[in-house]
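Okay, so here's the structure we're looking at.
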2 protein chains.
Amino acid sequence: MAGTRRHTLRDIAATLNLSVNTVSRALSGKDGIGEKTRALVRAEAERVGYVPNSVARSLVLGSAMTFGLVITNPSNPFYAQLISSIELRARNHGYSLLLMVTGESEEYETRAVESLLRSSVSGSIAVPVQASADPWRRLGTVGVPTVLLNRDLPDLGYRFVGTDNELGGYRATAHAISRGARSIVVLEEDLPITTIADRIAGFRRAMAEAGLSVPRGSIMRVPTRRHEQAALPWQPQQAYQVARRMLRRARLPDAVVVGNDYFALGLYRALEECGLKVPDDMMVIGFGDYPFSAFLSPPLTTVRLPAEEVGDIAVDLLLEEIAGGRSARPLKQLIAPTLVERESTNRTTFARTLV
Amino acid sequence: MAGTRRHTLRDIAATLNLSVNTVSRALSGKDGIGEKTRALVRAEAERVGYVPNSVARSLVLGSAMTFGLVITNPSNPFYAQLISSIELRARNHGYSLLLMVTGESEEYETRAVESLLRSSVSGSIAVPVQASADPWRRLGTVGVPTVLLNRDLPDLGYRFVGTDNELGGYRATAHAISRGARSIVVLEEDLPITTIADRIAGFRRAMAEAGLSVPRGSIMRVPTRRHEQAALPWQPQQAYQVARRMLRRARLPDAVVVGNDYFALGLYRALEECGLKVPDDMMVIGFGDYPFSAFLSPPLTTVRLPAEEVGDIAVDLLLEEIAGGRSARPLKQLIAPTLVERESTNRTTFARTLV
DNA sequence: ATGAAAGCGCTAACAA
DNA sequence: TTGTTAGCGCTTTCAT
């Protein structure tokens with residue numbers, strides 16, 4: 001890979017007997033320049049294959065036309081989609097994406113923010129680990145606009161966009177109840193984040209509204225993958241083990257609401273091994289509507305998160321924050337998830353619940 | 001988000017009555033500086049919360065301690081994992097990641113390369129669209145080290161790491177044959193890339209070695225998602241439709257080898273609707289070993305791609321290329337995928353094949 | 001051990 | 001319309 005030195009404005013200026021400044025303005029499309037000169041400069045730039053040095057540009061402008069995107073785990077299908085949609089929209093507005101993966105590690109989150117600061121990013125979009133608000137507070141202090149995604153840190157007063165998890169939990173639960181469930185168990189990852197707490201709150205609200213009790217053991221925790229080196233894809237295996245434990249109980253629930261569709265896979269397996277049928281013996285409601293969920297057997301009823309919409313809004317919020325104007329839209333946006341009803345809650349007989 | 005101006009070397013130099021140079025060396029750990037001075041500078045830097053400006057640093061050094069990572073689609077679980085492992089390893093070597101998503105678009109690939117050039121990345125890792133080698137050739141011409149991932153462009157002579165897809169296709173097919181299959185169909189995305197062509201070549205080799213014929217219609221194509229705006233998650237739906245078409249044939253194959261595990265989902269659905277059982281009526285072999293594949297019913301036999309290993313090697317190859325030394329390892333590396341045998345090929349009766 | 005000076009490639013203010 | 005000057009924050013000679 002040979003290293004032909006790159007051409008600079010100065011090179012072009014020299015061969016054309018112009019000043020660097022003139023060349024700069026000709027190329028950047030500013031006015032105050034003769035049309036013939038501009039054409040000349042453009043032709044020469046074209047000829048030598050001029051590529052602007054955006055590092056130099058960033059240095060003088062103090063900002064790099066780059067967004068930092070800080071994500072916990074790209075193998076989460078929701079975040080994978082988010083990456084795509086954010087990259088696309090950022091690109092369409094002329095921004096590049098500096099991607100950092102925290103893997104739920106507070107330590108790396110701190111280093112990621114440090115890295116963003118060094119890089120003079122124009123702004124950042126982040127899913128915080130939610131162990132501490134400090135790193136993100138720091139960004140704000142030095143004036144880097146930041147939009148929080150999916151997990152808020154309310155103390156900071158930053159713009160935020162996320163899923164309404166409370167509503168999601170509520171809808172999932174209410175749906176199960178409407179299909180005849182009276183005893184419901186929740187399977188959630190054992191991670192201290194608001195998204196999970198909110199879903200559980202929604203679950204409790206739905207149960208309360210229906211006058212149903214929530215006995216101890218209704219909320220089961222799947223061991224977390226936090227603190228693993230690389231961000232690994234989710235392991236339905238761990239949900240499977242928790243599900244097996246649950247199925248040893250004397251009284252089984254009518255329905256299980258899981259925190260993500262991967263957990264539903266483990267639950268399906270456990271149920272199958274115990275000879276229990278979904279939905280007749282037990283209903284299952286997922287969360288996420290991952291690409292595989294509609295194709296499970298039976299197809300999984302699940303709460304769909306509008307990843308694309310969330311991503312687009314995140315970028316828009318960030319652009320507004322950068323522009324500095326008051327925004328038309330609210331600073332905090334909770335997007336309502338929608339319930340996708342499929343066979344896993346389409347009970348034909350009410351055998352067990354009618355006992 | 002207030003904008004307290006960032007402290008610079010000059011600020012520290014001023015308050016300490018030192019030269020910028022001295023401060024720079026004190027902080028960068030170079031020698032030729034008194035221990036007391038160094039301690040003093042460090043303390044002051046700490047006190048004011050000094051953050052180095054890596055844009056300035058990049059400008060003078062001509063390189064940005066950043067890798068460009070150009071990927072077709074983060075919603076492909078294989079690439080999602082790749083992003084994680086590459087980010088981790090790059091970070092451990094002090095590099096940041098500039099992420100670009102092509103969505104299989106040649107046009108955006110070209111713009112992505114342009115963007116990498118502007119940004120003075122230290123190097124890049126790319127899954128090329130394989131429509132043209134030109135963009136990537138350009139990177140090499142101006143001296144940006146580039147490692148190709150998963151899809152090679154042999155003309156360029158760049159370092160490359162990928163899966164041995166031919167071997168993967170071979171192993172999948174040979175396995176089906178060993179389980180009694182004599183008539184096999186392949187379902188692949190309709191995309192003109194070497195990975196797919198290689199898998200099909202492997203399929204043909206296995207069939208030939210077994211003395212089995214490959215009649216017309218053995219290779220079925222699933223409509224591609226190329227040219228969609230955002231990179232969408234794969235739609236098993238399209239594979240389902242192709243599978244339905246196949247199942248209308250007079251003579252059904254004993255086994256179907258699919259190009260990725262998402263396609264297996266669509267196939268499972270189609271088979272179920274037709275009342276056909278996996279594996280007894282038809283065996284299914286996937287590709288990718290996605291996180292859900294072990295939890296399908298029946299669990300899917302599939303070819304596992306070593307995503308983490310491929311990602312790590314990609315970074316190592318790039319680091320070697322940047323260092324400029326001859327590498328111990330070969331410039332082109334094909335990683336052998338492994339077959340994960342599960343129930344979808346565990347045939348208990350040979351009813352149909354023994355007719 | 002420390003300082004002074006130059007320059008990376010660009011943009012922005014001000015002159016001409 | 002074009003040129004001159006200065007400077008973004010840092011690293012790297014070369015002096016001292």
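Just so we're on the same page: letters track the sequence lines, and every chain starts at 1.
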### Message
Regarding Thr146(A) and Ser124(A), do their side chains bring together a donor and an acceptor under 3.5 Å, going by distance alone?
### Response
yes
### Query
Once you round it to whole Å, what is the distance between C1' of dC10(C) and CG of Leu117(B)?
17 Å
### Base dT12(D) to side chain Asn21(B), donor-acceptor N/O within 3.5 Å cut-off
yes
### Message
Considering every strand and a 4.0 Å limit on heavy-atom distances, what is the contact class for Gly34(A): base, sugar-phosphate, or nothing?
### Response
sugar-phosphate
### Query
Base, sugar-phosphate alone, or nothing: which one does Thr37(B) contact when heavy atoms must sit under 4.0 Å apart?
sugar-phosphate
### Phosphate OP1/OP2 of dA12(C): any Lys30(A) side-chain N/O under 4.0 Å
yes
#### Entry: Heavy atoms of other groups near Arg10(B) CZ, more than 12 under 6.0 Å
no
### Message
Under 4.0 Å, counting only non-hydrogen atoms across every strand here, what does Ser58(B) touch: a base, just sugar-phosphate, or nothing?
### Response
nothing
### Query
Just how far, in rounded Å, is C1' of dG9(C) from CZ of Arg118(B)?
14 Å
### Summary
To the nearest angstrom, the CG-P distance between Leu59(A) and dC8(C) comes to 13 Å
### Message
For dG3(C) and Ser19(B) - does any side-chain N or O of the residue sit under 4.0 Å from the phosphate oxygens OP1/OP2?
### Response
yes
#### Entry: Phosphate OP1/OP2 of dC8(D): any Arg10(B) side-chain N/O under 4.0 Å
yes
### Query
At under 4.0 Å, does any side-chain N or O of Ser24(B) touch on OP1 or OP2 of dT11(D)?
yes
### Task
Please work out if Asp31(B) contacts a base, only the sugar-phosphate, or nothing of the nucleic acid, heavy-atom cut-off 4.0 Å.
nothing
### Query
Does a side-chain N-to-carboxylate-O contact under 4.0 Å join Glu309(B) and Arg89(B)?
no
### Task
Check the distance between dA4(C)'s C1' and Leu9(B)'s CG and give it to me in whole angstrom.
16 Å
